[in-house]
Each structure stands twice: as C-alpha cells, then as structure tokens.
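Taking it in order: structure first as structure tokens, then the write-up.
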There are 2 protein chains.
Amino acid sequence: MPVLLKAKENETKPDLPVGQRGTCEITFVNRKKVEEVKKRLKPDSTINQLAESFKVLGDSTRLKMIYVLSQAELCVCDIATLLGLTDSAVSHQLRILRNMRLVKYRKDGKMAYYTLDDGHIENLFKEGLRHVEEK
Amino acid sequence: MPVLLKAKENETKPDLPVGQRGTCEITFVNRKKVEEVKKRLKPDSTINQLAESFKVLGDSTRLKMIYVLSQAELCVCDIATLLGLTDSAVSHQLRILRNMRLVKYRKDGKMAYYTLDDGHIENLFKEGLRHVEEK
DNA sequence: GTAATATATGAACAGTTGTTCATACATCAA
DNA sequence: TTGATGTATGAACAACTGTTCATATATTAC
C-alpha cells in the first residue's frame, strides 16, 4: 500500500515539456517506490522485442497455426486446409512466425514442414489459455 | 516425421470455393495426422479471446506498464512519469488492460492504484522474456 | 458553493496490419 | 525441355490501433 506524501512534498514532472504534462502535475505519490522501479526498468530493446513477439501471437489466425503446430509437424497445404485459409495467406503468416523465431521448418522436395521453434512458445500458449479460461 | 501419401491418395480441397484454392490442390499430405489435429481444435471463441489478450500485450507501452506494475502498486501519475507519457495516454491504455483483466485497481480518493490482475500475467511476461533473451 | 486536480473518455488523425491477387521461384514428372 | 504443382512474396486496399487534444467526471480543499 502506498504512503501518500503531503502536498508540499510532491514534485512536478521534470522530464516532460510543459505542454505534455496533462492535468496531473504530481510526479511522485511515493517517490521511493517509483525510484526503485525505475532502477529495474528493462532496456527498451528488450521490451520492444518482447512486444513484437506478443504482437505476432495476438492474431487469431497465427494463434491457430501455433496451436496446430504444437500438435503435429504440418506442411503449408495442411495448415491451409485445417484452418480454411488460402495457401498464400498461410505462407505470409508463416514467414512472420519464422521471423520472430516462433516456428521453424524443414524442406523436403516441394514441401515445407513446419514445427514450433522451441518449448517456450507452447508454454506461452498454455499460460495464456489458463488466463483466458480461468473463472 | 510425416509419411507422404502417394499422389493418387491425395484429395483436393473440399471446403473452399475453386477460386480460393490457390495453386496447391493437395489437401492431406498426411490425412490421419490432419484429422487428429482437427479433432483437437479449440473453439474459435477461446482462440479469439486468447488472441485479444496477446494483442494487448503486443504493445511496448502496455508491456512496460505490465512490467512496472509487476514491481509495485502504482497510480496513473507515477506510471506516466516512469514511462515518459501523458496521463491521458496512460489512462487509455490502463482501460484496455483492465478490459482484458490484465490489471485491476482500487480507488483511494482522487487516486487510482493499479496492480496486475493475477499471477498468470507475470508468468506470461517472464516466459516471453525467456524466449526473447534466449540464445 | 468554487477552485484545483487526479483520472477517464470521445473524436480524430497518422501509422500499421492482414488479406487478396498476381506473380515468381523451386522441384518433380514426363 | 515443358508443364504441373507446392511454396513464397510484392503490391494494394480496407480495417484497425495508439496517440493527442479537448473535455468530462469525481474528489478534496477552501
């Protein structure tokens, strides 16, 4: 629980130009806590990469692909049939999943067989499912 | 590893109108496997909810909020200062996070103090981090 | 009551995203 | 070689998203 400082102990926002401060002019309701958290902030590059990964998972078409690939190694055609999509749409999405290292594939003649890239991906799916199905 | 059926055993796609079949006319490279996976498909509503949740996590601003809220209970002002955002932007994003039950809040006078809604959220963040930071 | 202020929200705008269509590439059969 | 076919990709378009600005609501101090 936060300890509210008295009004005179509050500080106005130092980093933002005046025009961007909005209406709230108090910086630290709990200065110590805010500074503690500030120290632990992850680098922007890490957060951005993480956001990109979640963004890629944040599409129902791609999520279905992730799910069916957690069940079996499948080719583009099979995924398209399973999900009622064109091969083109599937191929486009698979490239996005590949770029984020969420799936990998092996070529066998004309066919390309896809699987999940590593165990974290399935864990993410399952943990997300727990959140959604809870309550 | 998939067992390729002979060409004569393949079947053309039954569900899509001809115009949407793309160039690939083979439905089942491994019919048995595809049918097995089809049985286990999650309901669309579940997948859609899950996609919505990941979508909400797929934005670096919101992800930073999730992270700082995993460290401490914070008010709108503190989050805005920590992340260099306007209060308005923070409030908008917090509403989105609230709608997906990713954060919850308590009101104390004028202030609104936010925390993560449940443990799954932090687990998702950490598991995602593991994927990103790996290798 | 009025003024100050912490938070919330609607509208609007620029930027991004997913699909489709056409086409290219790659492999195999004949 | 030629044609068939499984996959990949560029362009274009509609649909969606995050921020900003203005404004509204709610609480506190006076």
Side-chain angles (χ1 to χ4, degrees), chain A residues 2 4-8 10 12-13 16-17 19-29 51-52 54-65 74-81 83-99 105-114, chain B residues 2 4 6-8 10 12-13 16-17 19-29 51-52 55-65 74-81 83-99 105-114:
Chain A
L4 275 161
L5 302 178
K6 291 173 195 158
K8 61 177 177 181
N10 288 331
T12 53
K13 299 185 176 194
L16 285 176
Q20 290 174 28
R21 289 187 193 176
T23 52
C24 171
E25 293 292 338
I26 293 176
T27 299
F28 302 122
V29 168
E52 285 307 308
F54 281 127
K55 196 177 296 178
V56 164
L57 293 173
D59 174 83
S60 50
T61 297
R62 287 191 293 264
L63 259 192
K64 287 175 192 168
M65 292 184 182
L74 295 168
C75 68
V76 177
C77 270
D78 285 342
I79 300 172
T81 304
L83 305 182
L85 299 165
T86 63
D87 303 317
S88 176
V90 171
S91 192
H92 272 296
Q93 301 295 11
L94 282 172
R95 184 161 61 107
I96 294 172
L97 292 171
R98 257 189 281 132
N99 288 344
Y105 75 117
R106 67 180 177 85
K107 265 307 207 32
D108 184 13
K110 284 188 270 194
M111 318 295 289
Y113 294 94
Y114 283 81
Chain B
L4 274 160
K6 290 172 194 158
K8 61 176 178 182
N10 287 331
T12 53
K13 299 186 175 192
L16 286 176
Q20 289 174 28
R21 289 188 194 173
T23 53
C24 170
E25 293 292 337
I26 294 178
T27 298
F28 302 120
V29 167
E52 285 306 307
K55 195 177 296 178
V56 164
L57 293 173
D59 174 84
S60 50
T61 298
R62 287 191 292 264
L63 216 44
K64 287 176 191 167
M65 293 184 181
L74 295 167
C75 68
V76 177
C77 270
D78 284 343
I79 300 172
T81 304
L83 305 183
L85 299 165
T86 62
D87 303 316
S88 177
V90 171
S91 192
H92 273 295
Q93 301 294 12
L94 283 172
R95 185 160 62 106
I96 294 172
L97 292 170
R98 256 189 282 131
N99 287 345
Y105 75 118
R106 67 181 176 85
K107 267 305 208 34
D108 183 14
K110 283 187 273 195
M111 317 295 288
Y113 294 95
Y114 283 82

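Residue numbering restarts at 1 for every chain, and letters A, B, ... go by the order of the sequence lines. Predicted model only: the values in this text are computed from it and were never measured.
- Between atom CG of residue A:Leu85 and atom NE2 of residue A:His92 there is a gap of 12.5 Å, rounded to the nearest 0.5 Å.
- Counting heavy atoms from C-beta on, the side chains of B:Tyr113 and B:Leu74 never come closer than 4.5 Å.
- Remark: P of C:dA8 and CD1 of B:Ile79 are 10 Å apart, rounded to the nearest angstrom.
- Distances shorter than 4.0 Å separate some side-chain N or O of B:Arg98 from OP1 or OP2 on C:dA8.
- What separates CG of B:Leu94 from C1' of D:dT19 is a distance of 15 Å, to the nearest Å.
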Using a 4.0 Å heavy-atom cut-off to protein, can you give one letter per nucleotide of nucleotides 13-19 of chain C, 5' to 3': B if the base is in contact, S if only the sugar-phosphate is, - if neither? ----SSS

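- Without hydrogens or angle criteria, B:Thr81 side chain to B:Cys77 main chain gives a donor-acceptor distance under 3.5 Å.
- Between the side chains of A:Arg106 and A:Tyr114, not a single donor N or O lies within less than 3.5 Å of an accepting N or O.
- In this model, the phosphate group of D:dG6 is not approached by any side-chain N or O of A:Tyr114 to a distance below 4.0 Å at OP1 or OP2.
- B:Asn99 CG to B:Arg95 CZ: the interatomic distance, rounded to the nearest 0.5 Å, is 6.5 Å.
- A:Val90 and A:Met65 get closest at one heavy-atom pair: CA-CE, 3.6 Å.
- Rounded to an integer number of Å, the gap from CG of B:Asp87 to C1' of D:dT19 is 14 Å.
- Under 3.5 Å, the side chain of A:Thr86 and the base of C:dC21 form no donor-acceptor pair of N or O atoms.
- For the pair A:Ser91 and D:dT7, the criterion of a side-chain N or O lying under 4.0 Å from OP1 or OP2 is not met.
- Nearest nucleotide to the A:Ala112 side chain, out of C:dA8, D:dA8, D:dT27: D:dA8.
- Here C:dT27 presents its P atom at 11 Å from NZ of A:Lys110, a figure rounded to the nearest Å.
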Donor-acceptor list for residues 55-64 of chain B side chains, cut-off 3.5 Å, not counting sequence neighbours:
{"from": "B:Lys55", "atom 1": "NZ", "to": "B:Glu52", "atom 2": "OE2", "distance (Å)": "3.3"}
{"from": "B:Asp59", "atom 1": "OD2", "to": "B:Thr61", "atom 2": "N", "distance (Å)": "3.1"}
{"from": "B:Asp59", "atom 1": "OD2", "to": "B:Arg62", "atom 2": "N", "distance (Å)": "3.0"}
{"from": "B:Arg62", "atom 1": "NE", "to": "B:Val56", "atom 2": "O", "distance (Å)": "2.7"}
{"from": "B:Arg62", "atom 1": "NH1", "to": "B:Gln93", "atom 2": "OE1", "distance (Å)": "2.9"}

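- As rounded to whole Å, 15 Å separates atom P of D:dT25 from atom CZ of B:Arg95.
- Within 3.5 Å, a donor on the side chain of A:Ser88 pairs with an acceptor on the base of D:dT9, or the reverse.
- Under 4.0 angstrom from either OP1 or OP2 of D:dG6 there lies no side-chain N or O belonging to A:Tyr105.
- Distance B:Met111 CE to C:dT7 C1': 9 Å, rounded to the nearest Å.
- Note that OH of B:Tyr105 is 13.5 Å distant from CG of B:Leu97, once rounded to the nearest 0.5 Å.
- Comparing the end axes of the helix from C:dG1-D:dC30 to C:dA30-D:dT1, each fitted to five base pairs by superposing C1' atoms of four pairs onto the next four, gives an inter-axis angle of 30° (nearest 10 degrees).
- Side-chain contact between A:Leu94 and A:Val76 is present, with at least one heavy-atom pair separated by less than 4.5 Å.
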